[in-house]
Each structure stands twice: as C-alpha cells, then as structure tokens.
Amino acid sequence: MIPLLSLTDVRVCRGESPVLDAVSLTLRSRDRLAIVGPNGAGKTTLLRTLVGLERPASGRVRLFGQDCTTEAEFRAARPRIGFLFQDSDDQLFCPTVLEDVAFGPLNTGCTLPEAEARGRETLAALGIAHLAERVTHRLSGGEKRLVCLAGLLAMRPEVLLLDEPTNGVDAANGARLRAALAGFDGAMILVSHDEGFVAELATRALLIADGRLTEAEIHTHPHLHAHPHLHPHP
Amino acid sequence: MIPADLRLRLVAAVLLVLAASQLAHLGPAMAALALALLLALAARPDRALWRRLRHVEGFVALLLLTLPFAVPGAPLLTLGPLSASLEGLSRAALLAAKVTTAALVLLALLGTVEPIRLGAALHALRLPEPLVRLFVLTLRYLGLIGDEARRLREAMRARAFRARTDRHTWRSFGNLIGMLLVRALDRARRVEEAMRLRGFSGRFPHAALAAPTARDWTGFALLTGLAAAALLLDRL
C-alpha cells in the first residue's frame with residue numbers, strides 16, 4: 001500500500017542551523033500518529049514541511065505517492081490535507097461562520113449553494129449548526145477551534161494535521177472536538193502537550209527532540225492518584 | 001420602516017445623504033432633520049452610538065461659532081472689530097441641519113449593523129471584489145490588532161510606564177508601534193498561508209443574500225420618497 005505522506009531524510013534549516021535533521025516518517029491510512037516533544041523542538045516545522053509551507057534543504061517529501069518539490073505539486077495535494085493551526089484567528093478570516101466553512105469547498109470547484117450546503121452539513125455533524133450565521137470574531141475560543149475544524153472537514157480531507165488542537169478549548173467544546181476527531185476515518189498527525197488527549201486518540205507516537213525523531217510507545221498504567229478539587233459551597 | 005435587507009439599507013443611506021447634501025433652504029433642512037431624528041429614534045441604537053454623534057456635533061458647534069463672523073451681511077452682534085451677520089447665522093444653521101441629518105441617517109440605517117456583515121451586501125451590489133475583500137479583512141483583523149495594542153499598553157503600564165514628553169516615552173511608543181507592525185505582518189503571513197492551504201485561488205466567499213421582501217421594498221420606497229419630497233419642497 002502506498003503511504004499517504006512520507007518524509008525521507010528531510011533537513012530543514014532556518015538560517016545556518018537545522019530545525020529538522022535527518023527526519024523520516026511515513027503515515028499510512030488510518031494511522032493516528034502523535035508527535036511529542038518540548039517547545040521549539042520542531043513539531044510545527046514538521047507539519048509545515050508536510051504541506052510545503054517550509055521547503056527542505058535536502059531530503060524528499062512524498063504526498064499521496066507523488067514527490068513534491070514545487071508549489072504547484074504541493075498545491076495539488078493540499079485539498080486532501082487539513083491543517084489545523086495553533087491560532088484559530090489565523091484560520092477564520094471570513095465574516096460569518098458559514099462563509100468560512102464554505103471557503104474550502106468553493107476553492108475546490110463547488111458552486112456557492114453546494115459549498116453552503118456542505119458547510120451546513122459539516123457544522124451539523126460537529127454539533128455546532130447553531131453557529132452558522134454568527135460573526136467569526138465574536139465566538140469563544142472553543143467555538144472558534146470547532147469552526148476551524150469544520151472548515152477543514154468540509155473539504156473532505158484524507159489526512160488531518162493538528163497543531164495543539166486542545167489549546168484554549170473549554171470542556172464542553174473539547175468533548176465535541178474529541179468526538180469529532182475520534183470519528184474521523186482518515187489518517188492524522190497530532191502535535192499536542194495534552195497527554196491524556198494523545199493517549200486517547202493516537203495509535204502510534206514519535207518523540208522529537210532537537211529536530212530529530214525517535215519511535216516512542218504509548219501505554220497506560222494505573223496510578224494511585226490524588227488531586228485537589230474546588231467546589232462551590234452550597 | 002427601515003428595511004432589514006442590507007443592500008437596500010446601503011442604497012437608501014447613500015440616496016438620503018446625497019439628498020440631504022443638496023438642500024439649500026433652512027425650512028426643508030429643518031424638516032429633514034426632524035424626520036432623521038424620528039428615524040434614528042425608531043432604529044433604537046444603543047447609547048454608545050448616540051455618544052459617537054458628539055464627534056460630528058463638535059464640528060457643527062465650531063461652524064456655528066465661526067461662520068456668522070465670516071459671512072458679510074446685516075450685523076447681528078458686534079464683538080470689538082468682529083461682527084456676526086444674520087446671513088452667516090442662517091447659513092451655519094442650514095449646514096448644521098444638513099450635517100446632523102446625514103449623521104442621523106447613517107446612525108439609523110447603518111449604526112445598528114455589525115459592520116463586517118456589510119461585506120456580503122457590498123459584494124451583492126457589485127462593488128469591485130478586491131475592495132470588498134480588503135474591507136472585510138481589514139475589519140476582521142482591526143479588532144485583533146487593537147486588542148494586541150491594548151495588551152501591550154497594559155503590560156507597559158504594569159511596569160510603571162507613564163507617558164511624558166521625553167525621549168524615553170517617544171522611544172517606548174516607537175517600540176510599541178514597531179511591535180504592532182511586526183505582529184500584524186506575521187499574522188498577515190499566517191492568514192495567507194491558511195488561505196493557501198485551503199486552496200485559495202482568488203474566489204473569496206460572500207454569503208448569498210435572500211431577495212429583499214415586500215416589506216423591505218416598502219420601507220425603501222418610503223425612505224427615498226421622503227427624501228424626494230424634501231428635495232422637491234426645497235426647490236419650490
């Protein structure tokens with residue numbers, strides 16, 4: 001089977017120093033790969049390299065069985081990859097939620113009614129149909145994140161790249177986000193500090209440190225566990 | 001009687017302001033002012049919007065103070081070498097009525113609309129798409145840049161910064177503005193990347209608007225009819 005995405009010996013430099021060094025990875029269909037590592041280890045750069053926002057100094061990027069080096073080659077593959085940014089405001093640039101969710105389908109050749117229908121369908125599937133007419137910059141952090149995800153899912157991608165998806169998301173919307181991602185039947189790469197979230201969702205993990213990747217294992221073990229709680233007095 | 005449809009509101013606002021600008025007599029201008037005031041009261045804008053009127057009225061007050069002294073005519077009041085003329089006063093009153101009418105019309109028709117929603121209406125009115133896109137994106141990110149500026153100012157104040165007239169103050173403000181520019185540029189780059197990743201190829205979505213209802217058209221006809229009547233009264 002052809003891997004969906006693969007990197008072979010990729011080296012990405014910023015100035016003289018390498019941000020990623022000799023990085024190789026393969027993502028096959030239904031893989032849920034977590035990438036774990038400290039801040040500044042190159043996690044975001046890795047995701048950006050996969051969609052061609054960073055170009056490697058050496059090494060190979062293959063997307064859906066196609067070697068990609070030029071903008072045109074990456075452009076052809078991008079509608080099949082949904083990239084969730086760290087800052088939702090960077091992704092929500094349309095005035096209203098429905099317009100934003102319809103943006104991707106419009107770019108891939110849908111007519112406006114088709115794109116809006118697909119947008120409403122995606123919003124309903126995420127349980128946020130009631131947000132459709134809202135103005136994007138007035139949403140809460142959690143709502144914004146879900147709308148961003150809807151904008152990606154409306155393009156029916158085969159792969160999701162998630163950069164810190166649970167950052168700044170409240171409990172109720174976090175549950176919706178987890179449910180939506182657990183129900184997504186494509187492959188995904190997720191970068192997150194939220195270990196519970198990673199353990200729940202990922203099937204495989206890689207550790208990244210100083211721009212190098214190593215295999216890691218996800219396991220759960222019981223803990224004797226105590227933590228403080230805060231409750232209002234009745 | 002204010003149409004709910006934003007396209008009709010925009011067109012009505014332009015026509016009404018144009019009509020107000022053409023009034024040449026005090027009587028019809030006062031009548032228009034009264035109507036505009038009723039319209040603004042009917043639109044029920046919140047207090048903040050009424051407060052915004054003060055900026056316009058400050059300019060109007062300046063006119064009322066200076067114009068009577070600048071126009072020659074029958075003297076009304078003499079202050080040393082300066083004399084205020086009746087003609088000047090009536091000219092100032094006419095201008096004040098017209099300016100206030102225009103401001104009230106805009107307040108009533110557009111003040112209560114979330115500005116960013118006007119994008120779809122402007123697009124539907126066939127304004128050049130790049131201009132509409134610029135308008136919408138500017139509005140979308142102006143708030144965020146404003147928030148960033150506010151947070152930076154607060155961080156400065158939290159470290160005991162007080163604006164004075166010295167080199168330190170000017171340099172600090174310079175840094176503040178420079179930092180805002182750098183961040184805005186960074187954000188613009190990220191937004192552009194997000195658009196590219198979703199396959200942007202020059203088609204920016206603008207929501208399709210439902211056709212205006214009969215009620216919208218009636219309101220539109222009533223508003224423009226009143227404007228035409230005011231103009232007619234003025235010319236007779």
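Here is how names work: the chains are called A, B, and so on, in the same order as the sequence lines, proteins then strands, and each is numbered from 1. From a predicted model like this one, the values you see are computed outputs, not experimental measurements.
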Point to revise | Neighbour count above 12 (heavy atom, 6.0 Å) for B/Trp50 CH2 | key: yes
Review point. With a cut-off of 6.0 Å (strictly less than), are more than 12 heavy atoms of other residues, nucleotides or ligands near CZ of B/Phe59?
Key: no
Check your understanding: For B/Arg162, does the CZ atom have more than 12 heavy-atom neighbours from other residues, nucleotides or ligands under 6.0 Å away?
Key -> no
Review point. Is it the side chain or the backbone of A/Thr108 that comes within 4.5 Å of chain B heavy atoms, both, or neither?
Key: neither
Practice item. Sort A/Leu98 into side chain, backbone, both or neither according to what part of it lies under 4.5 angstrom from a heavy atom of chain B. Key: neither
Practice item. Drop me the distance from A/Leu161's CG to B/Leu197's CG, to the nearest 0.5 angstrom. Key: 9.0 Å
Check your understanding: Do B/Arg196 and A/Val51 come within less than 4.5 Å of each other through their side chains, counting heavy atoms only?
Key -> no
Point to revise | Residues, nucleotides or ligands: over 12 heavy atoms within 6.0 Å of B/Arg159 CZ | key: no
Check your understanding: Among B/Arg198, B/Arg183, B/Arg187, whose salt bridge (charged side-chain N to carboxylate O under 4.0 Å, His left out) with A/Asp90 holds?
Key -> B/Arg187
Review point. Under a 4.5 Å heavy-atom cut-off, does chain B meet the side chain of A/Asp100, its backbone, both or neither?
Key: both
Point to revise | Ring-ring centroid check A/Phe93 B/Tyr141, cutoff 6.0 Å | key: no
Check your understanding: Are any of the side-chain heavy atoms of B/Leu144 and A/His137 separated by less than 4.5 Å?
Key -> no
Review point. Relative to chain B, which segment of A/Glu99 carries a heavy atom at a distance below 4.5 Å: side chain, backbone, both, or neither?
Key: both
Review point. Is the number of heavy atoms from other residues, nucleotides or ligands under 6.0 Å of B/Arg215 CZ greater than 12?
Key: no
**Study point:** Spacing of CG belonging to B/Leu137 relative to SG belonging to A/Cys94, to within rounding of 0.5 Å
**Key:** 8.0 Å
**Study point:** Note, B/Glu193 side chain near A/Arg48 side chain (heavy atom, < 4.5 Å)
**Key:** yes
**Study point:** Positive for side-chain contact (heavy atoms from CB on, under 4.5 Å) with B/Ile116, one of A/Thr96, A/Val135, A/Thr136
**Key:** A/Val135
